[in-house]
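Read the structure below first, then the notes.
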There are 2 protein chains.
Amino acid sequence: MVRIDYTHCAQLLKALAHPTRLNIVALIKEEQPCVKALEEVLGVSQSNISQHLSLLRHLGIVRARREGNQVCYRLSDDTVSKMLDVLSNSINQKESENGKSD
Amino acid sequence: MVRIDYTHCAQLLKALAHPTRLNIVALIKEEQPCVKALEEVLGVSQSNISQHLSLLRHLGIVRARREGNQVCYRLSDDTVSKMLDVLSNSINQKESENGKSD
DNA sequence: TCAGACTATTCTAATAATTGAATATAAAAA
DNA sequence: TTTTTATATTCAATTATTAGAATAGTCTGA
């Protein structure tokens, strides 16, 4: 039985606990976009995106790979991916609860 | 296909993104402790615990039930419970990766 | 009713997070 | 080499979070 390190987990959760970062991470989960692509999809300044990516990189949540003059990102492991799955599943579940007929 | 509301999800994550609150939520997941019990286990001031619980209540993450002169808490739904599972599973996985023999 | 135990709220000071602007760096194209 | 495109970093101002202290409310039992 492994005890949870609440400080460490809280740090991970905090990294995801920002609308822009969460959106960034979700996009990185789907494809492996470069910064420019994120900028266009999110409509947020390049500086801001880069700062959020910097934070995610330093926590080891995402990894950068240079391709020519652009930098592409991918998720480091599947923990974050699973977290996103839980979130979207829980939304789905609540949707169908609202729509049920009894 | 349901699109994720990143602002709403980020709010949920932020609520969990604090060591004390995460610990509180994990304890509430296991048993259904009253404030006094949380205070004793966590070694944190009553005021502080109550503030964290207030935040969790207002976001609908936990629910309070009065029992005599104390108030017991439980999780509202299993989304948070599943999040905790993902976190502890991911820790388990990394533990066994470190311990593997190749 | 009153005292005592348990819980919640409010206020405040300290600290942390967020953002835009400006600037720096790296690769490609001219 | 110079210019352009893409990305990263630094700085400063604003806003948000946190925790302790003080206070208030709620329930039980005498």
Side-chain angles (χ1 to χ4, degrees), chain A residues 5-28 31-76 80, chain B residues 6-28 31-76:
Chain A
D5 177 348
Y6 294 106
T7 300
H8 180 261
C9 286
Q11 197 175 39
L12 169 61
L13 289 166
K14 185 180 283 186
L16 302 178
H18 186 286
T20 302
R21 277 199 298 274
L22 190 58
N23 205 334
I24 286 175
V25 166
L27 288 167
I28 293 179
E31 26 195 322
Q32 297 192 2
C34 65
V35 180
K36 186 75 180 161
L38 290 170
E39 193 183 339
E40 280 161 6
V41 172
L42 297 174
V44 175
S45 78
Q46 180 271 319
S47 168
N48 193 237
I49 292 195
S50 198
Q51 287 177 73
H52 285 307
L53 285 170
S54 168
L55 188 152
L56 294 168
R57 247 186 297 120
H58 289 303
L59 285 176
I61 294 172
V62 302
R63 283 183 191 159
R65 175 182 81 254
R66 186 170 272 282
E67 302 217 337
N69 68 345
Q70 53 193 28
V71 178
C72 296
Y73 281 85
R74 63 186 172 82
L75 296 185
S76 295
V80 169
Chain B
Y6 295 106
T7 301
H8 180 260
C9 286
Q11 198 175 37
L12 170 62
L13 290 167
K14 184 182 284 186
L16 303 178
H18 184 286
T20 303
R21 275 199 299 275
L22 191 58
N23 206 333
I24 286 175
V25 166
L27 288 167
I28 292 180
E31 24 195 322
Q32 297 191 2
C34 65
V35 180
K36 185 74 180 163
L38 290 170
E39 192 184 340
E40 280 162 5
V41 173
L42 298 174
V44 175
S45 77
Q46 179 271 317
S47 168
N48 191 235
I49 292 195
S50 198
Q51 286 176 73
H52 286 307
L53 285 170
S54 169
L55 187 150
L56 294 168
R57 249 185 298 120
H58 289 305
L59 285 176
I61 293 172
V62 302
R63 284 184 190 158
R65 175 183 80 253
R66 184 170 273 282
E67 301 217 338
N69 68 344
Q70 53 192 28
V71 178
C72 297
Y73 282 85
R74 62 187 174 82
L75 297 185
S76 295

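Model, not experiment: these values are computed from the prediction. Letters go in sequence order (proteins before strands), and every chain restarts at 1.
Protein atom CD of B:Gln11 is 14 Å distant from nucleotide atom C1' of D:dT17, rounded to whole Å. In this structure, the CZ atom of B:Arg63 is 20 Å from the P atom of C:dT7, given to the nearest Å. With rounding to whole Å, A:Asn48 atom CG is found 14 Å from D:dT7 atom C1'. Note: CD (A:Gln51) to P (C:dG20) measures 9 Å, nearest angstrom. Put simply, CD1 on B:Ile49 is 9 Å from P on C:dT7, counting in whole angstrom units. B:Ile24 places its CD1 atom 12 Å from the P atom of D:dT18, with the value rounded to the nearest Å. Between the CG atom of A:Leu55 and the P atom of C:dT18 there is a distance of 7 Å, given to the nearest Å. The nearest whole Å value for the distance from the CD atom in B:Glu40 to the C1' atom in C:dT7 is 14 Å.
The one candidate from B:Arg57, B:Arg65, B:Arg63 that meets the side-chain contact (heavy atoms from CB on, under 4.5 Å) condition with B:Tyr73 is B:Arg57.
Scanning both residues, A:Ala10 and B:Pro19, for their nearest heavy atoms gives CB-N, 3.5 Å. Here the shortest heavy-atom pairing between B:Leu53 and B:Val35 reads CD1-CG2, 3.8 Å. Contact between A:Leu59 and A:Ala15 at its shortest, heavy atoms only, is CD1-CB, 3.5 Å.
The residue among A:Gln70 and B:Tyr73 whose nearest nucleotide of DNA chain C lies closer to the 5′ end is B:Tyr73. Both B:Leu53 and A:Ser45 lie near DNA chain C, and the one whose nearest nucleotide falls closer to the 5' end is B:Leu53.
Contacts between residues 15-23 of chain A and DNA chain D, defined by a heavy-atom separation under 4.0 Å, are absent.
For the atom pair CG of B:Leu38 and CD of B:Gln46, the computed distance is 11.0 Å after rounding to the nearest 0.5 Å. Note that CG of A:Leu56 and CD1 of A:Ile28 are 6.5 Å apart. Values are rounded to the nearest 0.5 Å. The CG atom of B:Leu12 sits 12.0 Å away from the NZ atom of B:Lys14 when rounded to the nearest 0.5 Å.
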What's touching nucleotides 23-30 of chain D from the protein side, N or O pairs under 3.5 Å?
none

**Message:** side chain to side chain donor-acceptor pair (under 3.5 Å), that's the test. Do B:Ser47 and B:Gln51 meet it? Break it down for me.
**Reply:** CA-CA 6 Å; B:Ser47 168; B:Gln51 286 176 73; 3.2 Å; yes
**Request:** Might you work through the side chain to side chain contact (heavy atoms under 4.5 Å, CB included) test for B:Leu22 and A:Cys9, ending with a clear yes or no?
**Result:** CA-CA 8 Å; B:Leu22 191 58; A:Cys9 286; 3.5 Å; yes
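You'll find that the side chain of B:His52 is closest to D:dA19, out of D:dA19, D:dT7, C:dA8. In the set D:dA16, C:dA8, D:dA21, D:dA21 carries the atom at the smallest distance from any side-chain atom of B:Ser47.
OP1 or OP2 of C:dT9 sits under 4.0 Å from a side-chain N or O of B:Ser54. Side-chain N/O atoms of A:Lys36 include none lying less than 4.0 angstrom from OP1 or OP2 on D:dT7. At D:dT7, none of the side-chain N or O atoms of A:Arg57 fall inside 4.0 Å of OP1 or OP2 (strictly under the cut-off). Side-chain nitrogen and oxygen atoms of A:Lys14 include none within less than 4.0 Å of the OP1 or OP2 phosphate oxygen of D:dT17.
When side chains are defined from C-beta on, B:Val44 does not count as touching B:Glu39, because their heavy atoms never get closer than 4.5 Å.
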